[in-house]
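Notes to accompany the following structure.
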Amino acid sequence: MKSKEVIIEQQKDFIQDIKNKTSEFINSVDKAEIETILLSGSVSRGDFFPAKKENGEYNGMVDLIVMRKKGSNIKAEDIFGPDQDPPIPYHCVKIDNVWFAVLFTDFIDTNKFSQYEEPRKFSVLESQILYDHNNSYKNELGKINQFIKEELKNNLNNSLGYIHYLISDYKKDRWYRRDALIQLHENLNTAIRAGIRSLFYLNGFYSPAEDRAIYYSHSLQKLPENYSELILQVCNQNTDSEEDYFRREKLFMGKIVGFIETAKGC
């Protein structure tokens, strides 16, 4: 598996070229009613890794978060023109063979940030500022970071509580008596996903969407020893096997949850 760090090193020149094209695009935009523009997603992280098509395009998009000024009613199409890929839930435009996916929104202050779902919070916080009129967003980030500190602490406690609930003797006995091994395994899988989220909280981050959380968890600083092998063993499963359930549970609770709870207390 190619790690995020390996991809960043391999794609360094390519990413810089994409960033240069993004800057050219942003410089060409009328920003009279725009407060802030952020570069988000894989280009911001440095691990943009698309395949190149025959026509020179890439099958990936550069993610932008564009905030209009307070009180403005301007729409994305007023600035960027028509949405060129309506099925995608962003305003998409293609410039110089590069696709841009624009999240067009009101200014993201602390209150608005607090209402976002967790993957959206993750995407906002991994962003780089491309344009920020009067440092409005940069100044707001101080307040947002205070909110984040308290919320991540609560998220970690709630996530650990949920794990212990799912793996409790009461829950296990309920399905064990019914000979529902597949449900036992699925409950453990749910607990494992909560454990992955907990690792992000422990490291001071929100968790990304589930379809990428395990992959990005490998780049966290605070991780259990031999994490790559450990997570592989925990996720491999035989849903017909009672023995395999208890093998997985022991590994997960002892090596991952145990690590989190110990590190949390430091």
Side-chain angles (χ1 to χ4, degrees), residues 1-7 42 45 47 49 116-123 125-126 148-266:
M1 180 181 73
K2 287 190 176 182
S3 71
K4 179 175 141 182
E5 288 73 23
V6 168
I7 292 174
S42 56
R45 292 191 301 268
D47 61 355
F49 195 52
Y116 281 150
E117 295 292 328
E118 190 165 336
R120 177 60 52 80
K121 290 175 179 173
F122 178 87
S123 70
L125 292 177
E126 71 177 359
I148 290 168
K149 185 177 180 181
E150 189 62 30
E151 184 169 57
L152 289 180
K153 179 181 176 181
N154 292 334
N155 285 359
L156 178 55
N157 289 333
N158 291 339
S159 190
L160 288 171
Y162 186 46
I163 289 169
H164 284 289
Y165 166 73
L166 287 168
I167 309 299
S168 66
D169 289 340
Y170 166 75
K171 272 291 179 185
K172 286 188 290 187
D173 182 64
R174 180 180 185 180
W175 301 112
Y176 191 73
R177 284 185 285 109
R178 291 170 167 82
D179 198 28
L181 290 176
I182 192 168
Q183 187 62 63
L184 275 172
H185 278 281
E186 181 55 26
N187 288 353
L188 180 55
N189 291 338
T190 302
I192 291 167
R193 289 191 288 272
I196 300 297
R197 292 195 298 273
S198 296
L199 285 171
F200 280 94
Y201 305 147
L202 180 68
N203 281 271
F205 300 105
Y206 288 102
S207 177
E210 286 188 352
D211 65 352
R212 64 199 69 184
I214 288 180
Y215 178 80
Y216 286 116
S217 70
H218 290 273
S219 298
L220 297 171
Q221 273 197 320
K222 297 178 184 177
L223 287 173
E225 189 175 355
N226 299 321
Y227 177 71
S228 293
E229 179 61 26
L230 178 60
I231 199 67
L232 189 62
Q233 291 180 19
V234 166
C235 288
N236 282 339
Q237 61 187 286
N238 178 357
T239 54
D240 292 332
S241 170
E242 174 185 331
E243 180 182 358
D244 196 51
Y245 170 83
F246 287 107
R247 174 194 68 81
R248 296 173 65 220
E249 182 197 291
K250 182 179 180 180
L251 270 177
F252 173 63
M253 294 301 290
K255 300 293 187 179
I256 296 180
V257 176
F259 168 82
I260 295 168
E261 292 181 331
T262 299
K264 172 177 173 284
C266 293

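Reckoned from all heavy atoms, side chains included, excluding hydrogens, waters and symmetry mates. Numbering starts at 1 and runs along the sequence shown.
Nearest approach of I167 to A191, heavy atoms of both residues: CD1-CB, 3.9 Å. Of all heavy-atom pairs between Y201 and L152, the closest is CD2-CD2, 3.8 Å. Nearest heavy-atom pair across I260 and G195 is CD1-O, 3.7 Å. Across H218 and L223, no two heavy atoms sit closer than the pair O-CD1, 3.7 Å. Here the shortest heavy-atom pairing between N203 and Q221 reads OD1-N, 3.3 Å.
The OG atom of S207 sits 9.5 Å away from the CG atom of L199 when rounded to the nearest 0.5 Å. A distance of 10.0 Å separates CG of L230 from CZ of F252, quoted to the nearest 0.5 Å. Atom OH of Y206 and atom CD of E126 lie 14.0 Å apart (nearest 0.5 Å). One finds the CZ atom of R177 at 10.0 Å from the CH2 atom of W175 (value rounded to the nearest 0.5 Å). Going from atom CG of N226 over to atom CD1 of I231 covers 13.0 Å, rounded to the nearest 0.5 Å. Put simply, CD1 on I163 and OG on S159 are 4.5 Å apart, with the number rounded to the nearest 0.5 Å.
Partner of Q237 under the side-chain contact (heavy atoms from CB on, under 4.5 Å) criterion, out of D244, I182, I192, L188: D244 alone. Shown are M253, R247, E249; of these, the side-chain contact (heavy atoms from CB on, under 4.5 Å) with L251 is made only by R247.
Inter-residue side-chain proximity for K153 and N157 is flagged as met; some heavy-atom pair is nearer than 4.5 Å. Taking the side chain as every heavy atom from C-beta outward, L220 and L202 never approach each other to under 4.5 Å. K255 has its side chain out of reach of Q233: every pair of non-hydrogen atoms, C-beta onward, lies at least 4.5 Å apart. By the 4.5 Å heavy-atom criterion applied to side chains, P208 and Y215 are not counted as neighbours. Residues T190 and Y162 form a side-chain contact, since some pair of their non-hydrogen atoms from C-beta on lies under 4.5 Å apart. Under the 4.5 Å side-chain criterion, counting only non-hydrogen atoms from C-beta, L184 is in contact with L181.
Other residues, nucleotides and ligands place more than 12 heavy atoms under 6.0 Å from the CZ atom of F246. Other residues, nucleotides and ligands contribute more than 12 heavy atoms inside 6.0 Å of the CG atom of N236.
At a threshold of 4.0 Å, the pair K121-E151 counts as salt-bridged, since one of the basic side-chain nitrogens sits closer than that to a carboxylate oxygen. A salt bridge links E210 to R197: at least one charged side-chain nitrogen sits closer than 4.0 Å to a carboxylate oxygen. Looking at E186 and R193, a side-chain N of the basic residue comes within less than 4.0 Å of a carboxylate O on the acidic one, giving a salt bridge.
Using a 30° and 60° split on the angle between ring planes, Y216 and F122 fall in the tilted class, from 30° to 60°.
Checked by atom type and distance alone, the side chain of D173 never pairs as donor or acceptor with a backbone atom of D169 at under 3.5 Å.
For the residue pair Y227/S217, the side-chain donor-acceptor check at 3.5 Å is satisfied. In summary, the side chains of N238 and R248 do not present any donor paired with an acceptor at a separation below 3.5 Å, with no hydrogens or angles considered.
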